[in-house]
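Right, one structure below, let's go through it.
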Amino acid sequence: MLITLEGIDGSGKSTLHAALHEALADLDPVFTREPGATWIGDAVRRAVAERMDPIAEALLFVADHAAHIDTVIRPALGEGRIVISDRYSDSRFAYQPVVLAGLLPDPLGWLRQMHDGWSIRPGRTFLFVLPVEEALRRIAAKKQEYFEEATILEAVQKNYLDLAAADPSRFVLVDALLEKEEIFGFVADEIRRCARSSR
Ligand SMILES: Nc1ncnc2c1ncn2[C@@H]1O[C@H](COP(=O)(O)OP(=O)(O)O)[C@@H](O)[C@H]1O
Ligand SMILES: Cc1cn([C@H]2C[C@H](O)[C@@H](COP(=O)(O)OP(=O)(O)O)O2)c(=O)[nH]c1=O
């Protein structure tokens with residue numbers, strides 16, 4: 001079973017991902033992330049840091065995804081493991097249309113088509129939602145990517161909410177303003193429920 005964690009920068013995904021190691025240790029999940037599960041992730045980070053052409057950047061994110069599926073996700077799912085990925089394809093569908101706007105007639109359609117036929121659909125996606133100002137406050141000390149700017153993150157979060165509204169049986173919305181412990185408990189319980197029902 002494939003579980004993904006999504007949300008704007010600073011929404012608490014990595015903090016939860018780390019906490020789940022302990023909370024779900026008995027299920028022995030595979031913890032992974034995008035970008036960066038393979039060396040292509042280094043190329044992606046360089047492209048983002050250098051603000052490379054948005055089409056080149058999008059293609060690198062997709063290349064990283066393909067390598068991630070091939071080397072980590074498909075083998076783990078084949079062994080019957082639970083896979084928990086910090087970011088996955090919905091990050092592309094939420095972020096890249098914002099930077100590709102005006103460069104292509106239909107950025108989301110283009111991105112979706114690129115994933116069609118080979119990408120693996122997550123069983124559950126936890127979407128962390130919070131006001132953009134709070135997310136920016138949380139990451140103020142370690143601002144890294146050019147995406148971490150209010151107008152971009154507002155548009156990204158709107159795209160995420162549209163994706164969730166279109167696929168309510170997969171998405172679970174998480175109030176990212178809650179206390180960390182409350183979020184950890186809720187998501188861990190939900191993953192256990194999914195694991196039981198997929199057996
Ligand atoms: N529920 C929460 N309440 C308050 N602060 C949080 C919460 N979750 C995470 N944080 C803090 O917010 C910052 C960003 O969290 P992080 O997990 O790195 O976000 P992301 O991986 O989504 O970018 C970190 O300093 C983290 O300790
Ligand atoms: C996976 C992915 C990430 N991104 C962006 C989101 C982040 O700003 C940046 C790096 O991801 P990441 O290091 O996971 O950011 P954070 O931990 O701050 O949430 O890349 C995309 O634009 N498209 C993608 O497909």
Side-chain angles (χ1 to χ4, degrees), residues 2 4-21 23 31-38 40-69 72-73 84-101 103 107-108 110-112 114-115 119 122 125-157 159-160 163 173-188:
L2 174 60
T4 61
L5 311 181
E6 295 283 1
I8 58 174
D9 303 67
S11 57
K13 301 175 304 299
S14 312
T15 305
L16 169 73
H17 198 243
L20 291 177
H21 279 74
F31 288 96
T32 186
R33 58 169 297 141
E34 288 189 14
T38 72
I40 300 175
D42 296 338
V44 178
R45 286 187 192 284
R46 184 168 165 187
V48 173
E50 293 179 9
R51 297 210 60 171
M52 200 180 224
D53 167 67
I55 293 176
E57 180 188 277
L59 293 171
L60 282 169
F61 273 119
V62 178
D64 181 62
H65 180 61
H68 186 206
I69 286 186
V72 179
I73 295 186
I84 304 177
S85 185
D86 181 355
R87 295 196 179 282
Y88 193 72
S89 44
D90 294 304
S91 284
R92 236 103 51 232
F93 304 149
Y95 281 77
Q96 268 59 58
V98 178
V99 277
L100 290 168
L103 294 177
L108 181 58
W110 181 73
L111 290 157
R112 281 201 185 281
M114 252 196 295
H115 288 71
S119 183
T125 297
F126 293 92
L127 174 59
F128 286 65
V129 182
L130 79 176
V132 165
E133 315 84 74
E134 173 59 18
L136 286 173
R137 242 191 316 275
R138 288 183 185 179
I139 55 178
K142 61 160 200 118
K143 189 174 184 310
Q144 282 173 324
E145 288 94 16
Y146 74 88
F147 303 111
E148 294 170 355
E149 194 234 296
T151 48
I152 295 182
L153 292 186
E154 291 285 3
V156 170
Q157 184 152 266
N159 287 343
Y160 268 131
L163 293 167
L173 266 57
V174 178
D175 178 355
L177 290 178
L178 294 174
E179 291 298 324
K180 292 178 190 176
E181 298 303 328
E182 203 173 337
I183 294 174
F184 302 164
F186 167 73
V187 175

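As the structure lists them, so they are numbered: ligands from 1, and atoms in each ligand from 1.
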(Q) Please confirm whether A176 approaches ligand 1 to less than 4.0 Å, judged on its heavy atoms. (A) yes
Q: Enumerate the atoms of ligand 1 whose separation from the nearest heavy atom of I183 is less than 4.0 angstrom.
A: 1 (N)
Q: Out of Y146, Y88, F61, indicate the one that has the non-hydrogen atom closest to atom 21 (C) of ligand 2.
A: F61
Q | Residue E148 vicinity, atoms of ligand 2 by number, heavy atom under 4.0 Å | A | 18 (O)
Q: Would you mind listing which atoms of ligand 1 come within a distance below 4.0 Å of any non-hydrogen atom of K180?
A: 1 (N), 2 (C), 5 (N), 6 (C), 7 (C), 8 (N), 9 (C), 10 (N), 27 (O)
**Q.** Shortest protein heavy-atom distance from atom 5 (C) of ligand 2, along with the residue and atom involved
**A.** F147 CE1, 3.6 Å
(Q) Below 3.5 Å, N or O to N or O, backbone or side chain included: is there any such pair between E179 and ligand 1? (A) no
Q | R45, E57, K142, R87: member with heavy atom nearest to atom 6 (C) of ligand 2 | A | R87
Q.
Suppose I only count heavy atoms of S14 and a 4.0 Å limit; which atoms of ligand 2 are within that range?
A. 17 (O)
Q.
Give the atom numbers and elements of ligand 1 that come within less than 4.0 Å of a heavy atom of K13.
A. 17 (O), 19 (O), 20 (P), 21 (O), 22 (O), 23 (O)
Q: Output the list of atoms in ligand 1 that are nearer than 4.0 Å to some heavy atom of D9, sorted by atom number.
A: 23 (O)
Q.
Side chain, backbone, both or neither: which applies to H65 and ligand 2 if a contact is any heavy-atom pair less than 4.0 Å apart?
A. neither
Q: Indicate yes or no: does an N/O atom of D86 lie under 3.5 Å from an N/O atom of ligand 2?
A: no
Q. Identify the closest protein heavy atom to atom 4 (C) of ligand 1: which residue and atom is it, and at what distance?
A. R138 NH2, 3.5 Å
Q. What atoms of ligand 1 come within less than 4.0 Å of a heavy atom belonging to S11?
A. 19 (O), 20 (P), 22 (O)
Q. Which of the atoms of ligand 1 are close to T15, meaning less than 4.0 Å from one of its heavy atoms?
A. 9 (C), 15 (O), 16 (P), 17 (O), 26 (C)
